[in-house]
Amino acid sequence: MPVYAVKDVIDLDTKAPPHLQRISILDIKLTSDCVHRSVKGKVVQKGPVVSCKQRDCLLKAVIQDPKKSSASQHASINVIFFGTLAKDFSRSVSQGDMVLLAGFTISKSPTEQTDRLHPCHLEMSGPDACLSKMLYYIYSIFLWVSRCPLLHRNIYVPLNELKPRRIVNVYGVVTFFKQPFPTKGTDYCSTLKITDQSNAKVGCTIFSERLEDHPKIFRIGDVIRLHRVKTQMFNGSMTLLTSLGWSTVTFDGMLDSPVEPRTSSRTFHFDEADKRVVEALRQWASSQSLLASEPTVPLSSVQPKMYFDLTCQLLAKACMDSRCMLLKVWDGTKCEHPLINVTVAPDALEGEPTNSQDRENLTANILVYDNHVEVARTLKPGMFLRLYNLHAVPQRAPGQPHDVPCHLGFHLHGGTSYGRGLCSIPSDNPDLLTLKRVLESQAEKLASEKEVNDGTLLEVWYTPPEAIGKGLLTFFPFVYSGLTCGHTLQQRSLAHVKRCTPPAFHHVCAQVKSYKPQNLYQCLKLFCPQCTTIKEVPDDEFIAQVFQEALRGSCQPCSEHWAVTSSVDSIQLDRAITMHVSCDMVLENTQSQLLFLQGVTLDETCVISAAHKNVVPVRSEERRMRLLDLSAPFLFCERKRYYGCKQCSQSSFVEPEVSGVEVWDEHNVAKALGVQLMQYVLLLKFELEDETGTVEALLWEDAERFFHASSADIAASQEMQDKVQTIMDRLQPPGSSMAERPWLELCLIAYTVEEDGRTQVCYQITNTETREDLWARP
DNA sequence: GTTTAGGATTAG
């Protein structure tokens with residue numbers, strides 16, 4: 001589809017491929033170069049699609065230079081669209097739209113004398129017509145359309161100047177808020193109150209059926225921007241209500257934190273002027289002491305019967321009944337009062353057992369009721385949470401003597417009074433800095449007290465993304481050389497397997513009692529074959545942060561003698577987007593080129609790499625090209641992402657060695673860049689059972705064979721992830737009793753691992769494949 | 001052109 005619609009006219013400048021150079025309509029001449037050029041203009045005339053013999057059909061339109069009045073003679077130019085492009089244009093574009101064209105050719109206008117327009121006209125042919133003539137680099141898109149061609153700065157109304165029944169844009173500091181809650185209608189509702197330098201307080205009601213469109217407010221003092229909201233008097237006070245086309249962005253309210261817009265929208269506009277408004281509101285809010293010094297109360301200060309806000313990390317959760325969910329959390333501080341422990345069956349608990357935290361009185365058991373269960377269900381162990389208006393309830397077991405100190409339990413009651421609710425907090429939130437530091441030191445303390453049989457490997461399951469890069473988790477090389485399995489061994493009981501001295505192969509027949517991680521996306525890891533480091537695959541939020549950091553420190557386009565560089569400055573984004581291609585590759589087929597992109601966000605990289613094979617995001621350091629921090633993928637290849645090992649890759653960027661490479665894949669890109677490629681691996685831990693006992697066995701090195709799928713494909717494809725889930729659901733049907741589960745024939749290898757001078761016996765499932773009939777959904 | 005909500009404790 002060569003027509004690409006954007007929401008805002010700004011996007012015509014920011015979303016266009018970086019290599020396109022803008023040419024003004026006035027500057028167009030017959031001799032102008034039209035390769036890698038784009039033209040922007042407003043559609044002032046749009047004709048019908050008419051059939052023509054040579055090219056099936058055509059459509060004629062006139063576009064006008066956005067900056068020049070129609071009085072200027074050559075500011076308007078005829079554009080002829082041919083074939084499917086004519087039909088697409090007719091369907092997608094209206095008179096008055098602003099468009100950006102690329103991939104056109106320039107000819108002499110035969111109608112110059114009669115229509116008195118530009119002496120040239122532009123011809124646009126679809127890719128089917130003249131693919132060979134076109135040099136489209138990243139996008140195979142020719143036309144960008146903006147349906148809201150009003151190019152004016154947004155006007156923000158001070159809160160004391162609001163008049164009823166208007167559509168307005170406002171900025172404010174949040175003084176009260178509720179997390180979105182379901183209404184009796186079709187939407188969720190967010191209720192908040194905001195204020196600004198005028199000191200007027202205005203209530204806002206936000207309706208949207210999409211939770212992700214609601215403002216991301218985490219604490220009082222956050223700054224919010226609302227676009228296209230409706231003013232309305234209610235009970236004698238001014239209120240704001242969402243209206244058609246409304247949008248919102250929020251910012252942290254702390255004086256020194258970076259001005260990062262929080263939004264689910266991919267196409268919002270934010271510039272220097274906005275940044276200044278946010279900073280002014282922060283300054284004012286701090287002078288008014290609108291931000292309470294600490295947004296939440298640590299567990300160590302909680303007293304019985306208190307209502308308070310808590311910031312914490314989720315350790316584990318369990319469903320109690322349809323209206324109640326248990327969250328086991330900690331914030332690393334020790335409560336003065338003993339905490340109750342709610343025990344549930346281990347297989348009902350999602351997340352790791354909290355035994356070591358329980359022992360130290362660090363685990364808070366929170367019962368979440370009624371309307372809050374919906375949000376609680378979406379939470380994953382490892383996430384950071386904030387709970388609002390949590391109730392510390394002293395609980396005494398029936399019959400317990402009164403001199404026993406009471407235990408504290410925590411209830412998040414139903415309803416939304418006083419802002420009662422909960423939400424997950426992105427791990428880069430500035431309020432989490434202290435919490436993370438405390439948790440880290442507590443985790444170290446607990447780990448040092450841990451016993452051998454606690455299973456060191458399990459530490460990797462729920463490592464939050466930010467732990468990556470600090471403490472890398474390492475597997476020790478396995479010792480089982482010189483053994484082979486020809487599947488001729490006699491089947492043995494699990495008790496027999498446990499009695500044998502490793503290394504040894506065994507054939508067993510067993511059922512799956514449980515497996516970890518229960519969330520299969522967590523079983524994908526990154527593995528360095530060089531140093532055997534294993535780490536989590538970071539989430540998008542974390543990767544986007546790495547890109548943002550690179551943007552902050554990387555203003556000058558880098559200049560490398562080996563690369564051809566083209567750059568576009570975006571005033572709106574306040575940055576330049578730059579593309580580099582190796583001189584040796586510039587004339588090659590664009591699909592096989594290695595493309596270096598600088599000044600792009602993660603989202604932009606994803607859009608570009610969707611249509612391009614090898615995209616390497618880079619930054620500049622004193623005009624020299626550098627890779628981004630290797631916590632982020634170093635290579636984007638269509639939907640696949642590849643990571644490098646921080647320990648084993650060259651620390652400084654080298655000129656890529658491109659000669660002699662026929663086809664670029666992740667292996668030779670990594671090699672050319674001096675990066676040690678990390679492999680995607682699958683890592684699962686099974687608890688196997690037969691009549692004689694249980695054995696914990698890893699599925700790792702032969703996991704791809706087991707699932708008949710490559711880890712890299714699983715990482716890039718939802719379909720493949722579903723396939724793995726299907727197989728697991730067949731091996732251990734959800735909610736099934738042991739009697740209902742299938743028996744599996746497995747080959748196990750027993751081996752020893754040396755760790756801290758201690759020898760541990762481990763088991764791995766090997767040489768085993770699932771049958772093809774397990775792949776399809778039952 | 002807009003039903004919902006329009007702050008103001010659950011009661012486990």
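Convention: sequence-line order gives letters A, B, ...; per-chain numbering from 1. Scope of the values below: all heavy atoms of this structure, side chains included, with no hydrogens, waters or symmetry mates.
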Listed nucleotide nearest any side-chain atom of A:Thr186, set B:dT9, B:dT3, B:dA5: B:dT3
Aromatic ring of A:Phe207 stacked on base six-ring of B:dT4, 5.5 Å, 30°: yes
Pair A:Ser264, A:Asp213: side-chain N/O donor-acceptor within cut-off below 3.5 Å: yes
From B:dT9, B:dG6, B:dG1, nucleotide with atom closest to A:Leu244 side chain: B:dG1
Touch class at under 4.0 angstrom, heavy-atom based, for A:Leu192 against every strand present: nothing
Distance in angstrom units between A:Leu326 CG and B:dG12 C1', rounded: 13 Å
Earlier contact from the 5' end, DNA chain B, for A:Leu412 and A:Thr191: A:Thr191
Closest nucleotide among B:dT2, B:dG6, B:dG7 to the A:Lys230 side chain: B:dT2
Donor-acceptor under 3.5 Å (A:Asp222 side chain, A:Val174 main chain): no
Distance between C1' atoms of B:dA8 and B:dG12 (Å, rounded): 22 Å
Distance-only side-chain donor-acceptor flag, A:Lys328 / A:Asn341, under 3.5 Å: yes
A:Tyr188 versus A:Pro182, closest heavy-atom pair with distance: CD2-N, 3.6 Å
Nearest-nucleotide pick for A:Lys184, side chain only, options being B:dT3, B:dA5, B:dT10: B:dA5
Touch class at under 4.0 angstrom, heavy-atom based, for A:Gly414 against every strand present: base
Single hit among A:Asp428, A:Asp252, A:Asn429 for side chain to side chain donor-acceptor pair (under 3.5 Å) with A:Ser257: A:Asp252
Touch class at under 4.0 angstrom, heavy-atom based, for A:Asn235 against every strand present: nothing
Integer-rounded Å distance: B:dT9 P and A:Phe181 CZ: 15 Å
5' precedence on DNA chain B between A:Gln232 and A:Gly245 (nearest-nucleotide basis): A:Gly245
Atom pair distance, as rounded to whole Å: CH2 in A:Trp246 and C1' in B:dT4: 14 Å
B:dT10 versus B:dG6 - spacing of their C1' atoms, nearest Å: 22 Å
Contacting residues from residues 170-178 of chain A, given that a heavy atom lies under 4.0 angstrom of DNA chain B: A:Phe176, A:Lys178
Interatomic distance where CG belongs to A:Leu240 and P belongs to B:dG6 [whole Å]: 15 Å
Distance in angstrom units between A:Gln395 CD and B:dA11 P, rounded: 14 Å
A:Gln548 side chain near A:Glu260 side chain, heavy-atom distance below 4.5 Å: yes
Spacing between A:Phe410 atom CZ and B:dT10 atom C1', to the nearest angstrom: 16 Å
Closest non-hydrogen atom pair, A:Ile340 against A:Asn365: O-ND2, 2.8 Å
Side chains of A:Tyr156 and A:His227, donor plus acceptor under 3.5 Å: yes
Rounded interatomic separation in angstrom, taking CG from A:Asp187 and C1' from B:dG6: 15 Å
Sugar-phosphate only, base, or nothing, as touched by A:Ser237 at under 4.0 Å among non-hydrogen atoms: nothing
B:dG7 base stacked by A:Tyr418 (centroids within less than 5.5 Å, tilt under 30°): no
Sugar-phosphate, base or nothing in reach of A:Thr416, heavy atoms under 4.0 Å: nothing
Closest nucleotide among B:dT10, B:dT4, B:dG6 to the A:Tyr307 side chain: B:dT10
Nearest-angstrom distance, P atom, B:dG1 to B:dA5: 24 Å
Ring-face cation contact, A:Phe181 with A:Lys178, 6.0 Å cut, 45° max: yes
Length of the CG-P vector between A:Leu390 and B:dA11, whole Å: 15 Å
Sugar-phosphate only, base, or nothing, as touched by A:Leu367 at under 4.0 Å among non-hydrogen atoms: nothing
